[in-house]
Amino acid sequence: MFTTRINDHLSIAAQPSAAEIERLGEAGFSALVNLRPEGEEGAIGTRAEKDAAAEAGLSYIFIPLTLSGLTDADVDAFRAAMARHDKGPVLAHCRTGHRALALHAIIEVIDGRMTRDQVLALGDRHGMDMTAALAFLDRRAARRPQVKGFFDPRTWSVQYVVSDPETSKCAIIDPVLDYDEKSGRTSTDNADRILAYVAHEGLTVEWILDTHPHADHLSAAHYLKSKTEAQTAIGDHVVDVQMLWKDIYNWPELRTDGSYWDRLFKPGDSFKLGSIDARVMFSPGHTLASITYVIGDAAFVHDTIFMPDSGTARTDFPGGSADVLWTSIQEILALPDETRVFTGHDYQPGGRHPRWESTVGEQKRSNAHLANINEQAFIQLRQARDRTLAMPKLILHALQVNVRGGRLPEPENNGRRYLKIPLDALEGGAW
Ligand SMILES: N[C@@H](CCC(=O)N[C@@H](CS)C(=O)NCC(=O)O)C(=O)O
Ligand SMILES: [Fe+2]
């Protein structure tokens with residue numbers, strides 16, 4: 001196996017055999033990172049690598065990627081893996097070691113530890129072409145808007161800060177308010193991480209946007225508004241969702257006029273994020289009120305399309321519909337092929353790292369629920385899968401907060417807030 005030491009913390013390698021992986025522990029390595037997508041020629045596969053790494057007492061991290069399809073999610077995952085394993089050297093491998101070196105160089109440049117000339121010199125030292133790494137950095141720097149994704153592993157949600165480099169204005173999309181259903185505790189860890197990034201980048205929050213009233217996590221929109229004074233917004237069909245849940249919760253005081261938000265977007269509405277044009281597409285199917293925000297060349301599709309290897313969102317919540325979702329998805333796929341698509345969840349199929357960015361072209365070519373499938377087949381596939389899914393564990397907790405724009409219930413006379421759980425209101429008990 002070809003292996004070369006880059007520094008005290010990182011070595012790169014070509015594809016190792018299982019026997020070679022088993023000897024890496026003795027060689028002092030603490031972790032093995034596999035950068036090869038499943039099924040690449042000559043790859044031994046993530047299962048075999050994971051087992052061999054366990055045998056060697058090594059942590060194993062699966063970050064399948066290609067340099068042509070590289071996104072910030074891949075960069076973030078590699079950086080995080082390196083940071084988590086700082087006790088001993090990490091061995092990162094792909095087919096030849098080239099992707100590993102390129103990824104290392106990209107992170108060094110983004111984090112300000114290396115210049116472009118130093119990247120070229122690094123490539124020369126190891127006999128590897130760094131053109132693709134520099135091309136990625138160029139593409140990344142030229143993006144308008146800039147998009148930073150924050151993955152929340154507890155709810156598999158992706159929250160976004162979308163910013164205009166010209167004006168330093170930004171929007172926060174689909175922020176999560178942390179909630180532990182076992183203890184009933186809430187916290188603002190996710191939202192505070194977003195605020196720290198906003199402060200560090202010198203951004204001003206102009207918008208706090210939700211794509212729909214979420215069924216699997218509480219929205220941090222209201223908390224973030226209290227910290228930033230930015231405008232909150234959601235799609236105008238939220239009033240239908242409010243009506244639906246007002247009935248389920250038997251909740252006469254719930255206002256169903258959308259007045260918990262500063263702005264209700266109608267389908268086709270446009271707005272500005274700093275100097276960037278943005279518009280709203282109506283994308284129901286997962287919920288009655290789901291919308292897609294198209295900001296510059298970036299579409300925030302939330303629970304319509306997931307990453308191509310995951311498929312699409314479920315349609316069995318109250319107000320959901322598979323044929324309506326199909327129509328919404330077709331409208332998204334009619335955007336130009338190069339449109340960047342940012343999804344709202346990632347369930348990490350095959351144990352890969354979280355990913356959230358694709359393009360319309362990639363989705364059309366390879367989405368597991370959409371490529372080479374017609375409407376009828378999609379509806380059947382979607383409904384068959386929906387029948388197997390348990391309700392999200394927070395659906396009853398989350399909706400009563402999210403139909404009020406992320407406001408927690410008002411405190412009772414003892415100062416404590418309570419959630420209300422309707423019994424036998426939803427189908428599909430998972431015993
Ligand atoms: N197990 C998750 C449920 C996740 C879930 O239902 N996700 C929705 C989006 S809110 C979905 O569309 N899942 C698609 C699928 O699993 O096919 C939870 O308890 O929160
Ligand atoms: Fe959802």
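Just so you know, ligand 1 is whichever comes first in the structure, and atom 1 is the first atom listed for that ligand. Both backbone and side-chain heavy atoms feed into the values below; hydrogens, waters and symmetry mates do not. FYI, the numbering just counts along the sequence from 1.
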*Please could you name the atoms of ligand 1 that D303 approaches to less than 4.0 Å, counting only its heavy atoms?*
9 (C), 10 (S)

*Is F378 close to H369 at the side-chain level, that is, under 4.5 Å between some pair of heavy atoms?*
yes

*Do you see a donor-acceptor pair shorter than 3.5 Å between the side chains of Y160 and D174?*
no

_Any heavy-atom pair between the side chains of V280 and K266 that's under 4.5 Å?_
no

_Hydrogens and angles aside, do H222 and T232 bring a side-chain donor and acceptor to less than 3.5 Å of each other?_
no

*For D216, atoms of ligand 1 separated by under 4.0 Å from a heavy atom*: 10 (S), 20 (O)

*Answer with yes or no whether L389 contacts ligand 1, where contact means a heavy atom under 4.0 Å from a ligand atom.*
yes

*Take R263 and D269 through the side chain to side chain contact (heavy atoms under 4.5 Å, CB included) test and state the conclusion after the steps.*
CA-CA 11 Å; R263 176 144 178 204; D269 269 0; 3.7 Å; yes

*What part of H217 sits under 4.0 Å from ligand 1 if we count only heavy atoms: the side chain, the backbone, both or neither?*
neither

*Distance from atom 12 (O) of ligand 1 to nearest protein heavy atom, with residue and atom*: R314 N, 2.8 Å

*Step by step, work out the salt bridge (Lys or Arg N to Asp or Glu O under 4.0 Å) result for E410 and R404.*
CA-CA 11 Å; E410 298 308 319; R404 302 200 321 137; 3.3 Å; yes

*For atom 7 (N) of ligand 1, which of Y347, F306, F317, W156 has the closest heavy atom?*
Y347

*For ligand 1, which atoms have a heavy atom of R382 less than 4.0 angstrom away?*
15 (C), 17 (O)

*Taking N or O atoms only and a 3.5 Å limit, does H345 qualify as a polar contact for ligand 1?*
no

*V162 and F300, any side-chain heavy atoms less than 4.5 Å apart*: yes

*Any side-chain heavy-atom pair from R352 and D346 closer than 4.5 angstrom?*
yes

*Considering only the protein, which heavy-atom contact is closest to atom 17 (O) of ligand 1, and what is its distance?*
R385 NE, 2.6 Å

*Nearest non-hydrogen protein atom, atom 19 (O) of ligand 1*: K393 N, 2.8 Å

*Would you mind running through ligand 1 and noting each atom that sits below 4.0 Å from a heavy atom of A313?*
12 (O)

*asked:* Which option wins on minimum heavy-atom distance to atom 18 (C) of ligand 1: G320, P392, S310, S157?
replied: P392

_Where the Fe ion (ligand 2) is the vertex, angle from D303 OD2 to H286 NE2 to 10°_ = 90°

*asked:* Does either side chain, that of D216 or that of H345, offer a donor lying less than 3.5 Å from an acceptor on the other one?
replied: yes

